[in-house]
Structures are given as C-alpha cells and as structure tokens.
Amino acid sequence: MHPDLKLIGNLFNLKHFMTTYIKMDISGMRKPYGNKQTLFLEKDIKLKDPIALFEEWFKLVKENPNTVEANAMCVSTANKNGIPSARYCLLKGYSKDGFIFFTHYTSRKGKELEENPYAALTFYWDQYNRSVRIEGCVEKLPFSYADEYFSKRPYRSQIGALCSDQSKPVESREILEKQAKELETKYQEGQVPRPPQWGGYIVKPTSFEFWQGQTDRIHDRIIFRKPNENEPDGKLSHQAADGWIYERLNP
C-alpha cells in the first residue's frame with residue numbers, strides 16, 4: 001500500500017474510533033504537579049528503610065489540616081482465576097510486620113483473599129502529588145485484635161457492621177435501616193457484639209513503590225524490594241536497610 005494511502009487509512013480509523021467510542025473526550029485534562037523543587041532523589045531519603053519512609057510521608061499527610069482521610073487506601077485483590085477487584089478501605093495500623101485493615105471475611109475481598117492470599121495497597125495523596133504502592137502476602141489476624149478494635153468503634157459503626165452481610169445483594173436500603181433500628185433496640189452502647197465473621201488482615205510487604213508526580217511527566221519512582229540472587233549490583237539496585245534493596249524505575 002502506498003504510504004499516503006496508509007496514512008489516510010490510519011486517520012480514518014482514528015476519526016472513526018474517536019466518534020464511535022469516545023462520547024466525552026477528556027484527553028486534555030492535565031494538572032501541573034509542581035516544579036523541580038519536588039524532585040524525589042535517592043540522596044534525599046534519610047533512612048533507606050521503606051517503613052521509615054512510609055511513616056515520614058504518612059505523617060506529613062496526616063498532619064495536614066486539609067487532609068480528609070490520610071489512611072484511605074485502595075485494596076486490590078484477585079480470585080483464584082486472577083480476575084482482579086479493588087475497593088477503598090481504611091488502614092488501621094502498620095509496623096515492620098505489615099499493614100492492618102478490618103472487614104467481613106465473607107465479603108468479596110474476604111473470599112478472594114481466601115482463594116488467593118495476596119493483595120496490593122495503593123495510597124494517593126493529591127495535595128502532595130504522592131502515591132505509595134505496597135504489595136505482599138496476606139494473613140488473618142487473631143480475633144482478639146478484631147475484638148479490641150471493634151470495641152473502640154463508634155456505636156453506629158458497630159451497628160452498621162452487625163447489620164451488614166457485606167457484598168451480598170439486598171432488596172433495598174429500607175431493609176438495612178430497619179435491621180439497624182432493630183439492633184439498636186436490642187443492643188445499647190457498649191453492648192454490640194462483634195460480627196462472628198468480621199476480623200482483621202495483615203498485609204506483609206514484599207515491595208514498596210514510592211511515587212512523586214512531576215509536571216514534565218518524568219515522575220520519580222523508587223521501589224524497595226527483597227533482593228534476588230547477585231543483587232544489589234550497585235548500578236541499578238542498591239543496598240537498603242533491614243534486608244531491602246532499592247532501585248529507580250522509569251516513569
């Protein structure tokens with residue numbers, strides 16, 4: 001085919017695609033992320049420890065009065081066939097051992113974690129143009145952890161957890177509200193029992209990725225992970241603290 005005809009064909013296909021499949025073109029939406037003063041460089045990481053770096057970033061966000069929920073995170077799971085799903089949950093604790101959240105074990109994420117005990121957590125803090133991705137294996141926590149945390153939840157949150165068979169279909173909101181009122185009549189504050197299938201998970205990290213957005217789209221991405229054989233090599237991968245190595249990724 002003559003090059004000019006091929007170009008015309010490509011342009012026609014692009015126009016057809018744009019008019020057929022894109023009902024609202026938002027390709028021009030773009031937000032400036034900052035200037036070179038926000039560069040995230042390896043030399044600026046005080047401690048080459050992913051938990052320490054996460055804590056530094058999290059503390060900055062948490063103490064900002066404009067932050068709504070610093071601990072909101074997208075929890076991504078997959079079933080035994082590898083089909084993914086994602087939803088937002090609240091981080092309820094973290095340490096070198098891992099990252100903790102609570103939910104119904106009978107929910108969709110609970111069932112998927114039963115089949116495939118791995119998860120990815122993603123934090124995004126837009127006021128700082130920063131994101132942290134954490135991947136790892138997942139384990140259930142002892143119910144004693146769930147009992148302690150559930151007892152500290154607000155009364156209405158306790159009732160909400162007890163009346164919900166999470167992820168299951170329900171006929172209407174009115175039914176849920178009726179169940180909640182019945183439970184409020186049955187249980188006073190301080191007396192609400194933890195739902196038997198409501199508990200905690202701990203995500204034990206195998207990798208951390210720290211992302212700093214840049215206006216020129218040459219974003220900074222630094223990943224901490226466990227080393228493979230013959231790593232670190234001192235060129236692409238470098239020694240970090242506590243058995244981790246780190247490296248810079250292309251944006």
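Start at 1 with the first residue, then count along the sequence.
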Show me the donor-acceptor pairs, under 3.5 Å and distance only, between side chains in residues 242-251 and residues at least two apart or in other chains.
| unit_1 | atom_1 | unit_2 | atom_2 | d |
| --- | --- | --- | --- | --- |
| Glu247 | OE1 | Arg225 | NH2 | 3.4 |
| Glu247 | OE2 | Arg225 | NE | 2.8 |
| Glu247 | OE2 | Arg225 | NH2 | 3.3 |
| Arg248 | NE | Glu42 | OE2 | 3.0 |
| Arg248 | NH1 | Asp220 | OD1 | 2.7 |
| Arg248 | NH2 | Phe40 | O | 2.8 |
| Arg248 | NH2 | Glu42 | OE1 | 3.1 |

Starting from [Y], can I reach [X] by hopping between I/L/V/M/F/W/Y residues whose side chains sit under 4.5 Å apart?
X: Phe102; Y: Leu113; value: no
X: Ile45; Y: Val132; value: yes
X: Val138; Y: Phe143; value: yes
X: Met73; Y: Tyr128; value: yes

I'd like to know whether Thr38 forms a side-chain contact (heavy atoms from CB on, under 4.5 Å) with Asn129, so could you lay out the CA-CA distance, the side-chain angles of the two residues, the decisive distance to 0.1 Å, and finally the verdict. CA-CA 9 Å; Thr38 65; Asn129 308 312; 5.9 Å; no

Pairs involving residues 150-186, ordered by first then second residue, that meet ring pair (Phe, Tyr, Trp, His ring centres under 6.0 Å) (sequence neighbours left out): Phe150-Trp198

Ring-plane angle category for Trp125 and Phe123, please: parallel below 30°, perpendicular beyond 60°, tilted otherwise. tilted

Within this structure, what is the [atom1]-[atom2] distance for the pair [X] and [Y], rounded to the nearest 0.5 Å?
X: Leu141; Y: Ile202; atom1: CG; atom2: CD1; value: 5.5 Å
X: Glu209; Y: Ile222; atom1: CD; atom2: CD1; value: 10.0 Å
X: Thr77; Y: Glu114; atom1: OG1; atom2: CD; value: 12.5 Å
X: Gln191; Y: Leu183; atom1: CD; atom2: CG; value: 12.5 Å
X: Gln179; Y: Ile159; atom1: CD; atom2: CD1; value: 11.5 Å
X: Ser164; Y: His104; atom1: OG; atom2: NE2; value: 5.0 Å

For [X] and [Y], indicate whether the former's side chain and the latter's backbone hold a donor-acceptor pair under 3.5 Å.
X: Asp165; Y: Lys168; answer: no
X: Ser107; Y: Thr103; answer: no
X: Glu115; Y: Lys80; answer: yes

Given the ring of Trp57, does Arg130 sit roughly above its face, with NZ or CZ under 6.0 Å from the centre of the six-membered ring and within 45° of the axis? yes

Criterion side-chain contact (heavy atoms from CB on, under 4.5 Å) on Ser131 and Thr122, from CA distance to verdict: CA-CA 7 Å; Ser131 180; Thr122 306; 3.8 Å; yes

If you measure only the distance, is there a donor-acceptor pair under 3.5 Å linking the side chains of [X] and [Y]?
X: Thr67; Y: Lys62; answer: no
X: Arg87; Y: Ser85; answer: yes
X: Thr106; Y: Gln166; answer: no
X: Arg153; Y: Gln158; answer: no

Would you say [X] has more than 12 foreign heavy atoms packed within less than 6.0 Å of its [atom1]?
X: Lys204; atom1: NZ; result: no
X: Arg194; atom1: CZ; result: yes
X: Lys111; atom1: NZ; result: no
X: Tyr124; atom1: OH; result: yes
X: Phe58; atom1: CZ; result: yes

Should Tyr105 and Tyr201 be marked as a ring pair (Phe, Tyr, Trp, His ring centres under 6.0 Å) after you check the CA-CA gap, both sets of side-chain angles, and the distance that decides it? CA-CA 9 Å; Tyr105 288 153; Tyr201 289 101; 5.0 Å; yes

In terms of side-chain geometry, is the basic nitrogen of [X] or [Y] positioned less than 4.0 Å from the acidic oxygen of its partner?
X: Arg173; Y: Glu177; result: yes
X: Lys152; Y: Glu148; result: yes
X: Glu112; Y: Arg108; result: yes
X: Lys186; Y: Glu184; result: no

With a 3.5 Å cut-off and sequence neighbours excluded, list the donor-acceptor pairs that the side chains of residues 91-101 form with protein atoms.
| unit_1 | atom_1 | unit_2 | atom_2 | d |
| --- | --- | --- | --- | --- |
| Lys92 | NZ | Tyr149 | OH | 3.3 |
| Ser95 | OG | Asp97 | N | 3.1 |
| Lys96 | NZ | Asp49 | OD2 | 2.7 |

Which heavy atom in Ala86 sits nearest to a heavy atom in Cys74, and how many Å separate them? CB-SG, 3.6 Å

How close do Val61 and Ala70 get, heavy atom to heavy atom, and via which atoms? CG1-CB, 3.7 Å

Pair Leu53-Phe224, side-chain contact (heavy atoms from CB on, under 4.5 Å): steps then yes or no: CA-CA 10 Å; Leu53 183 55; Phe224 287 79; 4.0 Å; yes

Any chance you could lay out the side-chain contact (heavy atoms from CB on, under 4.5 Å) test for Tyr187 and Leu162, step after step, and finish with the verdict? CA-CA 11 Å; Tyr187 299 109; Leu162 190 59; 3.8 Å; yes

